[in-house]
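A short worksheet on the structure shown next.
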Amino acid sequence: MKIRVRFAPSPTGQVHIGNIRTAIFNYLFARHVGGEFLLRIEDTDLERSTREAIDKLLECMDWLKLDYDGEIFYQSAQADKHRAAAAELMASGDAYYGAADESGKRPIFFRLPLNLPDGRTVRTVGPAELALHAETPVEITPGGIHYGALSAKGKPMPTVSALAGMRDLVLRDGAGQVLFELAPVLSRVLAGESFRITGAALASFTRREVYYHDLVKGELAKPLDGMKDQVIVRSDGSPVFHLANVLDDIAQGVTHIIRGDDHVENTYRHLLLFEVFKATPPQYAHLPMIVNAAGKPYSKRDGDAFVGDFRSRGFLAPALFNYLALLGWSPGDDREKLSLEEMVAAFQLERVKSAPAQFDIRKLSNLNGLYVAEMPTDAFTALAREYAPEFAAHPAFAAVAALMQNRTKALDQVRDWRYFFADDFSRDEKNSRKQLTRPEIRNALAILAEKLAGLSDWTEAAVMQLLEQTEAAVGLDHGKLFQPVRLAVTGVAGGAELDRTLCLIGREAVLRRLDAALTLYQGTE
RNA sequence: GUCCCUAUCGUCUAGAGGCCUAGGACACCGGGUUUUCAUCCCGGCAACCGGGGUUCGAAUCCCCGUGGGGAUGCCA
């Protein structure tokens, strides 16, 4: 059978890196096994889903080259099918109406199947006993068994278990006397009858559990008595995520579900839904969450975790893709910078970690710098123009870009190139004051300006020579003049080679700025 | 509260009982190259959460604690 995975985001806002990382893992897995990578837009929440969000999502996927197979599947278009499926469940007794809301409308609950035999999804664990808070009456209703579980402190904790979890329930009082047996009256309960038992101190039943093998987390199981029936159609008639999700996965023939860790608990319910719909459950793989620099889950406050933000800050799509792929996964050797082909070739769900991974912007920056450095100069220059449209047309732009490429980590640094093109750059005041107020430096700068003004041959070599001559003339050590000159002309203490920088800025501008700096820091010592 | 998952340098990670004196990368700190800055090169700092087992031998297996994460919705 053809392996098929899907990325199923809800278009309710910006695209979060955690989401896109899920898409990346799905994509890598699909390409690795030669399967299909489908895109499903889960836009059932019409209140929050917007066209803009869908466009934004598509734009992000396009940017990262997450090309999907086939047509986009819109969940909202399936609503009628979802409701029809719920009606089927009603007819077969696998679903029932719950209590009405304020307006008198009733939601539909999915009843955890009572008679699913031991098999691929459910298995019998063995006899189990549960201590109850005897003063709290036990209520047996068609919607489940309500009771007060006994806390460590002897307090009652209101709990509901699905009927399926305790279908052979026996209730006893403190003396061991049997108070109630569920099995003989189960059909009456299913027909709508309720029972109320007081004084029960012990519940015994045969424990059964839902189980599956998670491709990243391994063997996982949850006892049925720890589960509750689930709303699948809201009282307003709209299908709930669980129903829609499972039905769509069946409709699309999804074989492997790769999603966030936060869905593991849902999996048990979904497995049961697959069973009642007579579908073969897919394989599951749950990915660890990505947490912020503080090790905490991303919240609204961490507004910088959107894919669009990384793009505008000048991160390259392949670099972000590469970095995100490495969050929770590694190829197993020491490679970190991997091409798409290498990632596809090495990707295995078995190698995915199970603990949350912390996002580190510094490591991303470093990786991005590696990708920037290997760009063809033309491509880098063109991209740089996009990040600094105000200088893009400047005649020296291409030369500046070529000079600055290998020291650029992220494209937003292009905005710091202002001093190459305009006089109104910002100055490192502290450093400037320290250097440009010293008399011997000021003297040297004045002499340098004079020499530069008369220089016939404005080349890097000639400029460098003048710099050295000036240092020698005023008795400064080699290199002592570089920093002040740089500060006067560019406003900052660091940058590309000084001679090349000065040449690109041009004689007139250099002289103008030398003069301006001398005036600016005059008498401030 | 309860249930589930998880735990190696500050961070991402390698590690499948002996290859571990625990490897790589980012960050950080030094040195070299550059008569300045950065790149680059070399070097350094730095971890098996704690306690019990199992074993001739444990980062690796088991149990208990602790920390972190998730779930517990008519959100997805």
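So that the names make sense, note that chain A is the first sequence line, chain B the second, and so on, each numbered from 1.
The nucleotide rC28(B) finds its pairing partner in rG44(B), both defining distances of the Watson-Crick or G-U wobble pair being shorter than 3.5 Å. Pairing of rA7(B), defined by two Watson-Crick or G-U wobble distances under 3.5 Å, is identified with rU66(B). Pair assignment for rG1(B): rU72(B), on the basis of Watson-Crick or G-U wobble contacts that are both within less than 3.5 Å.
Here the nucleotide nearest the side chain of K363(A), chosen from rC3(B), rA76(B), rC26(B), is rC26(B). Each of rU13(B), rA76(B), rC74(B) was ranked by its minimum atom distance to the side chain of P107(A); first place goes to rC74(B). When distances run from any side-chain atom of L327(A) to the nucleotides rA14(B), rU36(B), rC12(B), the shortest one goes to rC12(B). Here the nucleotide nearest the side chain of K222(A), chosen from rC12(B), rC3(B), rC26(B), is rC3(B). Considering only the side chain of R407(A), rA38(B) comes nearest among rC5(B), rA38(B), rG24(B). For A355(A), counting side-chain heavy atoms from C-beta on, the closest listed nucleotide (rA76(B), rA7(B), rU36(B)) is rA7(B). Checking rC5(B), rC12(B), rU36(B) against the side-chain heavy atoms of L220(A) singles out rC5(B) as nearest. Set against rU13(B), rC12(B), rC4(B), the side chain of E265(A) has rC4(B) as its closest nucleotide. Considering only the side chain of S354(A), rU6(B) comes nearest among rU6(B), rU11(B), rC3(B).
The shortest distance between the side-chain N/O atoms of K296(A) and the OP1/OP2 oxygens of rG69(B) is below 4.0 Å. Side-chain nitrogen and oxygen atoms of K228(A) include at least one within less than 4.0 Å of the OP1 or OP2 phosphate oxygen of rG73(B). Look at N366(A) and you won't find any side-chain N or O under 4.0 angstrom from OP1 or OP2 of rA25(B). Between K353(A) and rC12(B) there is no side-chain N or O to OP1 or OP2 distance below 4.0 Å. Remark: R335(A) is not in phosphate contact with rG23(B), judged by side-chain N or O atoms under 4.0 Å from OP1 or OP2. OP1 or OP2 of rC75(B) sits under 4.0 Å from a side-chain N or O of R234(A). For R351(A), a side-chain nitrogen or oxygen approaches OP1 or OP2 of rA14(B) to under 4.0 Å. Here S235(A) does not reach the OP1 or OP2 of rC74(B): none of its side-chain N or O atoms lies under 4.0 Å away.
Taking atom C1' on both nucleotides, rU66(B) is separated from rC19(B) by 33 Å, rounded to a whole Å. For the P atom pair drawn from rA27(B) and rA38(B), the interatomic distance equals 14 Å after rounding to whole Å. A distance of about 42 Å separates the P atoms of rC64(B) and rC28(B), rounded to the whole Å. Taking atom P in both rC61(B) and rC5(B), the straight-line distance is 15 Å, to the nearest Å.
Base contact: E336(A) has a heavy atom under 4.0 Å from a base atom. Residue contacts for H286(A): at a heavy-atom cut-off of 4.0 Å it reaches no nucleic acid atom on any strand shown. Among the heavy atoms of the strands lying under 4.0 Å from L498(A) is at least one base atom, whether or not backbone atoms are also near. As judged by a 4.0 angstrom heavy-atom cut-off over every strand, G328(A) is placed among residues touching the sugar-phosphate backbone only. Heavy atoms of A325(A) sit nowhere under 4.0 angstrom from any nucleic acid atom. Within 4.0 Å (heavy atoms only), G98(A) reaches no atom of the nucleic acid at all. Residue-level contact check: A357(A) touches the backbone only, with heavy atoms under 4.0 Å from sugar-phosphate atoms and none from bases.
Within 6.0 Å of the NZ atom in K451(A), the count of heavy atoms belonging to other residues, nucleotides or ligands exceeds 12. Other residues, nucleotides and ligands contribute more than 12 heavy atoms inside 6.0 Å of the CZ atom of F425(A).
For the pair R111(A) and F109(A), the cation-pi test (distance below 6.0 Å, angle within 45°) is failed.
Aromatic rings of Y323(A) and F359(A) (six-membered ring for Trp) have centroids within the 6.0 Å cut-off, being under it.
The residue among M157(A) and D334(A) whose nearest nucleotide of RNA chain B lies closer to the 5′ end is M157(A). Between N266(A) and K217(A), it is K217(A) whose nearest contact on RNA chain B lies nearer the 5' terminus.
Sorted by first and then second residue, the salt bridge (charged side-chain N to carboxylate O under 4.0 Å, His left out) pairs involving residues 94-107 of chain A (not counting sequence neighbours) form an empty list.
Rounded to the nearest 0.5 angstrom, R269(A) CZ and I232(A) CD1 are separated by 12.0 Å.
Here K337(A) pairs with E374(A) in a salt bridge; the nearest charged N to carboxylate O distance falls below 4.0 Å.
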